[in-house]
J.: 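Take this structure, written in structure tokens, and hold onto it; I'll ask about it next.
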Amino acid sequence: MVGPTDNLARAAAELIHAGRTTSIVDAIAMARAESEHTTSPSVATVRKHLESLQQASMGMQAWHAARVRRLELIEELLQTLAYLAPDCSLYVTGRAAEGHVDGTAAATIRVVGVEQAPALMDDLESHGTVPVQVSSLQTSMGSMAVAHIQDSLLDVDLLFLPNQPNSHAARRVTDGRPVAIVGLQAFSELLAACRSAGVA
């Protein structure tokens, strides 16, 4: 039997799918405001419902193609960064490192060891990649620069980190919790696996 929490999760997913918000947290709050139930569903449950809605509306083939295209754009950005900053280490972290890109959150790329983040961002701009916003993030290593890049399919945060052990670890730099992390080669292998999967 489907419970009220799962119904809230589906309602939140429907709000995202309808374009009323791209934030899962906001969607949950909006769904709760329209319901008599106050128990919040998990983010993972909302994402599961959203994925099902996307697959149903787009068709599995189109949904899979869109997923692969988002991953391809991340790989292209990684390759551009590797060309512009060959001495840096690059990592994709979080859900994108596992191949999950559904438009509800930016993928994160750690750029480790860059000496001049503004210069690298200028180089990116000359290659046609323009950060829409630059901010900072408080990490275990202090306040670090973040460049947010977004267009219709590409949604990425570049997190500039010093060359320290924490920057290379499979842990979030904000709170130390475990996180998926892959380098350029591993991400390319992940993309190849997604392409060959047909429907993943």
Side-chain angles (χ1 to χ4, degrees), residues 16 21-26 43-44 47 66-195:
I16 297 169
T21 181
T22 59
S23 166
I24 289 182
V25 173
D26 289 347
V43 168
R47 283 197 169 113
R67 176 193 180 196
V68 168
R69 184 59 188 143
R70 284 189 174 102
L71 295 173
E72 287 173 342
L73 290 171
I74 294 172
E75 185 194 39
E76 289 170 13
L77 179 56
L78 283 167
Q79 291 172 342
T80 301
L81 288 165
Y83 171 76
L84 294 174
D87 296 329
C88 291
S89 297
L90 301 169
Y91 303 102
V92 180
T93 67
R95 297 182 74 250
E98 299 173 327
H100 301 297
V101 280
D102 58 13
T104 61
T108 299
I109 296 176
R110 293 182 189 177
V111 184
V112 180
V114 65
E115 292 186 3
Q116 297 292 333
L120 178 55
M121 285 187 279
D122 287 343
D123 289 340
L124 276 174
E125 188 169 344
S126 70
H127 279 72
T129 303
V130 182
V132 296
Q133 181 181 3
V134 178
S135 61
S136 62
L137 179 69
Q138 194 61 39
T139 75
S140 58
M141 296 165 283
S143 181
M144 300 296 163
V146 181
H148 187 64
I149 297 168
Q150 186 177 40
D151 62 22
S152 59
L153 285 176
L154 183 65
D155 190 5
V156 175
D157 287 338
L158 300 182
L159 176 57
F160 298 96
L161 298 173
N163 189 11
Q164 296 181 10
N166 286 354
S167 300
H168 303 272
R171 293 192 172 276
R172 297 201 307 199
V173 295
T174 51
D175 58 15
R177 293 174 60 185
V179 69
I181 179 171
V182 293
L184 175 53
Q185 180 61 39
F187 189 82
S188 296
E189 292 170 0
L190 170 69
L191 173 57
C194 287
R195 283 195 186 112

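Nothing here was measured: the structure is a model prediction, and the numbers come from that model.
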J.: I need the Leu137 CG to Asp157 CG distance, nearest 0.5 Å.
T.: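 Rounded to the nearest 0.5 Å, the CG-CG separation comes to 9.0 Å.
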J.: Could you state the interatomic distance from CG (Asp26) to OG1 (Thr21), rounded to the nearest 0.5 Å?
T.: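 Here the interatomic distance stands at 4.5 Å.
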J.: Throw together a table of side-chain donor-acceptor distances under 3.5 angstrom for residues 173-184, partners on residues two or more places apart or in other chains.
T.:
unit_1 : atom_1 : unit_2 : atom_2 : d
Asp175 : OD1    : Arg172 : NE     : 3.1
Asp175 : OD1    : Arg177 : N      : 3.0
Asp175 : OD2    : Arg172 : NE     : 3.4
Asp175 : OD2    : Arg172 : NH2    : 2.4

J.: With a cut-off of 3.5 Å and sequence neighbours excluded, list every side-chain donor-acceptor pair involving residues 84-100.
T.:
unit_1 : atom_1 : unit_2 : atom_2 : d
Tyr91  : OH     : His168 : ND1    : 2.6

J.: Any chance you could lay out the side-chain contact (heavy atoms from CB on, under 4.5 Å) test for Asp155 and Thr22, step after step, and finish with the verdict?
T.: CA-CA 12 Å; Asp155 190 5; Thr22 59; over 6 Å; no
J.: When rounded to the nearest 0.5 angstrom, what distance separates CG in Leu71 from CG in Leu154?
T.: 11.0 Å
J.: Rounded to the nearest 0.5 Å, what separates atom CZ in Phe187 from atom CD1 in Ile74?
T.: 4.5 Å
J.: Take atom CD of Gln116 as the centre, draw a 6.0 Å sphere, and report whether it contains more than 12 heavy atoms from other residues, nucleotides or ligands.
T.: no
J.: Passes side-chain contact (heavy atoms from CB on, under 4.5 Å), Glu72 versus Val68? Steps please.
T.: CA-CA 6 Å; Glu72 287 173 342; Val68 168; 3.6 Å; yes
J.: Got more than 12 heavy atoms from elsewhere within 6.0 Å of CD, Gln79?
T.: yes
J.: Can you spot which of Val111, Thr139, Leu159, Val112 makes a side chain to side chain contact (heavy atoms under 4.5 Å, CB included) with Ser167?
T.: Val112
J.: Rounded to the nearest 0.5 Å, how far does CG of Leu77 lie from CD1 of Ile109?
T.: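 Rounded to the nearest 0.5 Å, the CD1-CG separation comes out at 4.5 Å.
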J.: Would you compute the distance between atom CE of Met141 and atom CG of Asn166 and round it to the nearest 0.5 angstrom?
T.: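 CG of Asn166 is found 5.0 Å from CE of Met141.
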J.: Closest heavy-atom contact between Arg67 and Val101?
T.: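 Where Arg67 meets Val101 most closely, the heavy atoms are O-CG2, 3.8 Å.
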J.: What pairs of donor and acceptor atoms, side-chain ones from residues 119-134 against any protein atom, are under 3.5 angstrom apart with sequence neighbours left out?
T.:
unit_1 : atom_1 : unit_2 : atom_2 : d
Ser126 : OG     : Asp123 : O      : 2.6
His127 : ND1    : Asp123 : O      : 3.0

